[in-house]
Amino acid sequence: MSATLELAAGVSGSLGSIGYGLAAIGPGIGVGIVFGKGTEALARQPEAAALIRSNQILGFAFCEALALIGIVMPFVFGK
């Protein structure tokens, strides 16, 4: 049990990096879904390209905002 605690104490310096890596998974999946479904929608209805593209950009911005929040949080709560 004490070996586990010693290992956890040694890793504590890079927990912010681990946290950001985990926080980047969600936006990465979200961006993939946004652009994948947007491409499918463009293939099905090419006449709606302007509306679909603007919705893709909006979805991309929201997903990337989550990634930026994930970058900032280790600095805000870091000690």
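Any value given below was found using the heavy atoms of this structure, including those in side chains, with hydrogens, waters and symmetry copies removed.
C63 and V31 make their closest contact through CB-CG2, 3.7 Å (heavy atoms, listed as atom of the first residue, atom of the second, distance). Closest non-hydrogen pair, L66 versus P27, comes out as CB-CG, 3.8 Å.
Between R44 atom CZ and T39 atom OG1 the span is 12.0 Å, to the nearest 0.5 Å.
Only one option out of I57, I52, L58, L51 pairs with S54 in a side chain to side chain contact (heavy atoms under 4.5 Å, CB included); it is L51.
Side-chain contact between I29 and I33 is present, with heavy atoms from C-beta onward closer than 4.5 Å.
Shown here are the ring pair (Phe, Tyr, Trp, His ring centres under 6.0 Å) partners of F62, two or more places apart in sequence or in another chain: there are none.
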